[in-house]
Amino acid sequence: MSGERYNPRESEPKWQKVWDEKQSFLTANDDPRDPYYVLEMFPYPSGRIHMGHVRNYAMGDVVARYHRAKGKNVLHPMGWDAFGLPAENAAIERKTHPGTWTYANIEAMKKQLKSMGLSIDWSREIATCSPDYYRHQQTMFLNMLEKGLVTRKSSKVNWDPVDMTVLANEQVIDGKGWRSGAPVEQRELVQWFFKISDFAEDLLAALDGLTEWPEKVRTMQRNWIGKSEGLRLLFEMVRSDKTNATSIEVFTTRPDTIFGASFIGLSPDHPLTTQLAADNADLAAFVAECHRHGTSTETLEKAEKQGFDTGLRVKHPVIEGETLPVYVANFILMDYGTGAIFGCPAHDQRDLDLARKYGLSVTPVVLPPDADPATFSIDNEAYTDAGTIFNSDFLNGLSIDDAKKAIAEHFGARQVDGKPQGKVEVNYRLRDWGISRQRYWGCPIPVVHCEVCGTVPVPKKDLPVVLPDDVSFDKPGNALDHHPTWKHVNCPQCGAAARRETDTMDTFVDSSWYFARFTAPNADTPTIPEIANRWLPVDQYIGGIEHAILHLLYSRFFTRAMKETGHVGLDEPFKGMFTQGMVTHETYKAETGEWVNPTEIVIDSEGEKRSARHIQTGAPITIGSVEKMSKSKKNVVDPDEIVATYGADTARWFMLSDSPPERDVQWTEAGVEGASRFQQRVWRLVNDVVALAEQSPDTVASDDKNALDIRKAVHRAIAGVSQDIEGLRFNRAVAQIYELTNVLAKARDGKPTGAVIAALREGVQSLIQLINPMMPHLAESCWEVLGNEGLVSDALWPEVDPAMLVDDEVTLPIQINGRRRGEITLAKGMAAADVESQVMALDLVQKALEGKEPKKVVIVQDRIVNIVA
RNA sequence: GCGGGCGUGGUGGAAUGGUAGACACAAGGGACUUAAAAUCCCUCGGCGAUAGCUGUGCGGGUUCGAGUCCCGCCGCCCGCACCA
């Protein structure tokens, strides 16, 4: 028996079947135990899982199985983020329906996930492309429409010319579409929006309460929301025949620098610019030029500051009799603030660049600390740091903050055009969330456009608005719009011929509430609020950092919107958030420069030197850098092959060991083999101990020192592993399990007495329970060998005996002048005076002191002794 | 440019201000074997024969004591980026 190797290929499917048959991981909503909701970001059904999924779901499963063992009612569901463009591309390439392709992929991936042995309640599985799911999304869209959380407006949008659809700001990365990578163009389109900006302040403020989120993610969201406090300020215009506008409104965060103002800047898209350009061909050409360059971020960055003098002038608001020129400038954005600024070149680099180019005045008004007001001047670098206001009449001598307050009061009390000249205002960078996508494979937006009644919601009794099946992807663009009949309907209000909305929703809408749907996946309503409120927020959410802004911010907004529409009773969907690192692998390159897959090469090691050659041709292969696994670099490892070769437990164990979970992990063949060896070691240990116990049935002399040491090691491990799993430090939990295994194996090999064997028997029992969340199949097999009734998956987590964590002796390091010179083993908790007399009596101490008295003796109880000679 | 993070053996990484390098991988040596695989044992930051000295990117500081805290550099990574 003990000679047999553990065979995961036999054992893993066996236990998966047992779990299935016993419905081990089904979760009841009415279970009275404490609820615990653990969720990993659901996958896009691309057809195959990758190692990133394995890592993500291995972590989630550890958390789920641990809390199950701790007696919680654990919800651990899985679903599919099933709408999206790849299905349409596949439809074009393979002449299949996007749904056919998607559901086939779901089947394939589900099989793969099941082979991992995850403790998932598959009865709650959802696919966002199913009408059973998206009908509720349509209901909520209409609820949100009623509540004024949805608008339709014409807006300049990011247009992806490859995917032929609109992208949200968040989906544009470095000026390129997040999926297609194509440079994004600006277009003017009528779009549906969720009014996420109404929640900007709340979304920002509530970040402080998300204490179980990574600081990095919170920071990224804070920056994205981009709150800035400033002043809206009216500049009175000097009369001109070019326009009848009487004032220009600007937004500034630096009103304290108003005495240094030297021009007004307008966005090329400012209404006044547009008006002036109508009669001014040169200005029109300038604006057109700005638009040409205005699309990609890269060009923006390098673009020179350019301005166009409109000839208009405004009155300087605080310097009597002085006027300022009005420029149109290429760097001013229309959709931030008011689309107009006042330029203070001395204290803003962009303004300075423009001022130098057009010879405008540069007056410093903030004096750096220690600078001499008589000689301080600005060269080609604006001064943006703290200082004291000068050259500024009634603001002189104030700090920047005080000056801001003073000038806000000053302008608040004055009137221009019958309004206060200045008004304190808060601005956010966060824009409304444009959800319209000109695609077929998405959730239809349930409205009808009627010439008479305008935009009419589809009556709720007519939901869901279902996607038509008979679609063709022969033409580029929106197949829904191209469908011959689908969009032609009668107006639900007046009955006249009308047109269905053919935009579908951004797939980020689908993933903004799936976590709520899991709590009642078959309900007739989007949620059953009492049930959702019991489960939510998700106790532990785990996923990739790439969703730090998009998905997590949208979900936070959507949860608030669901609260306002009565579907849930809370604001924040995710109490604990964890972002795991990527899975990386070495890259391999042939002499031809082509990337080569790891399976096609063999590594030769000679000492520490490694070289690679092609298996078939023997051609030399260059070992390249370690990179994120990607198809393009061919440095991917297929989870199916790993499971087939080593088993799921080995893959899971390796994904959890060594690297801290938030950091990248490097997949190596040697590492996997190490994990696999450990699996065999555990199997052997358990079998050996069982055999020993059978031969030596008599038990327990509890004062046996060796047996006690084993028990202590076991309980230390239980305590440590529990803490590490709760803190998501899986690599440290793994290390502690190794440590315990080493202790137990050593005891097995050391001619164990009856008492030791009894302790060992208990020890391996606990060890298997500690291993269970990580290698559940192995654990079940060992559990069986140990002669337990039932499944280890159903067993409660071992209890820590606090008495076993206490040592009555402790070994203190002895430092002399901060350097370690020796150690002493004393009774734990010994009084400082007693410790001192014991330590001072030591030869090594007396030798070091050379007969002198120590200057000082520091004793930290049970930790350290430091003697200052 | 702004914001955040990180820098520890050959490698991945441990270390509530208290014995730096737990645990693992790689490497080297040995045992068992006809041989191999598997397994087990030993060594493994550097210098040194030992005692010892030295060592956590670099330079300072606080402290009885610093990988950890503070200041200043250097390097790498990530995010945002004409947001007034």
Students often get this wrong, so: under 4.0 angstrom with heavy atoms, is [X] touching a base, only sugar-phosphate, or nothing?
{"X": "A:S228", "value": "sugar-phosphate"}
{"X": "A:R729", "value": "nothing"}
{"X": "A:R677", "value": "sugar-phosphate"}
{"X": "A:N731", "value": "sugar-phosphate"}
{"X": "A:I545", "value": "nothing"}
{"X": "A:V868", "value": "sugar-phosphate"}

**OP:** Answer yes or no: side-chain N or O of A:N866 and base N or O of B:C64 forming a donor-acceptor pair under 3.5 Å.
**Re:** yes
Subject >> Side chain A:K855 and base B:C64 donor-acceptor under 3.5 Å >> reply: no
Subject >> Neighbours of RNA chain B within residues 736-751 of chain A, by heavy-atom distance under 4.0 Å >> reply: A:Y738, A:E739, A:N742
**OP:** Determine whether more than 12 heavy atoms belonging to other residues, nucleotides or ligands lie under 6.0 Å from atom NZ of A:K357.
**Re:** yes
Between [M] and [N], how far apart are the [atom1] atoms? Round to whole Å, please.
{"N": "B:C32", "M": "B:A37", "atom1": "P", "answer": "15 Å"}
{"N": "B:C69", "M": "B:G52", "atom1": "P", "answer": "31 Å"}
{"N": "B:C40", "M": "B:U8", "atom1": "P", "answer": "31 Å"}
{"N": "B:U34", "M": "B:G12", "atom1": "C1'", "answer": "39 Å"}

Provide the Watson-Crick or G-U wobble partner of [N], both distances under 3.5 Å; none if there is no partner.
{"N": "B:A66", "result": "none"}
{"N": "B:G59", "result": "B:C71"}
{"N": "B:A51", "result": "none"}
{"N": "B:C2", "result": "B:G79"}
{"N": "B:A27", "result": "B:U43"}

Subject >> A:T273 side chain vs A:S267 backbone, donor-acceptor pair below 3.5 Å >> reply: yes
Can a side chain N or O of [X] be found less than 4.0 Å away from OP1 or OP2 on [N]?
{"X": "A:R663", "N": "B:G13", "answer": "yes"}
{"X": "A:R821", "N": "B:G65", "answer": "no"}
{"X": "A:R429", "N": "B:A81", "answer": "yes"}
{"X": "A:K856", "N": "B:C64", "answer": "yes"}

**OP:** Tell me whether the guanidinium CZ or amine NZ of A:K305 lies under 6.0 angstrom from the six-membered ring centre of A:F331 and within 45° of its axis.
**Re:** yes
Original post:
Does A:R429 count as lying over the ring of A:W224, i.e. NZ or CZ under 6.0 Å from the six-ring centre, within 45 degrees of the axis?
Top reply: yes
**OP:** With A:V665 as reference, evaluate A:R55, A:Q580, A:M51 under the side-chain contact (heavy atoms from CB on, under 4.5 Å) test and give the passing residue.
**Re:** A:R55
Original post:
In a check of side-chain contact (heavy atoms from CB on, under 4.5 Å) between A:Q815 and each of A:I864, A:I867, A:V865, which one passes?
Top reply: A:I864
**OP:** Taking the side chain as every heavy atom from C-beta outward, state whether A:E229 and A:V424 have any atom pair closer than 4.5 Å.
**Re:** no
**OP:** Mind calculating the distance between CZ (A:F730) and P (B:A22) to the nearest angstrom?
**Re:** 24 Å
**OP:** For A:F411 and A:P317, work out which heavy atoms get closest and say how close.
**Re:** CE2-CB, 3.6 Å
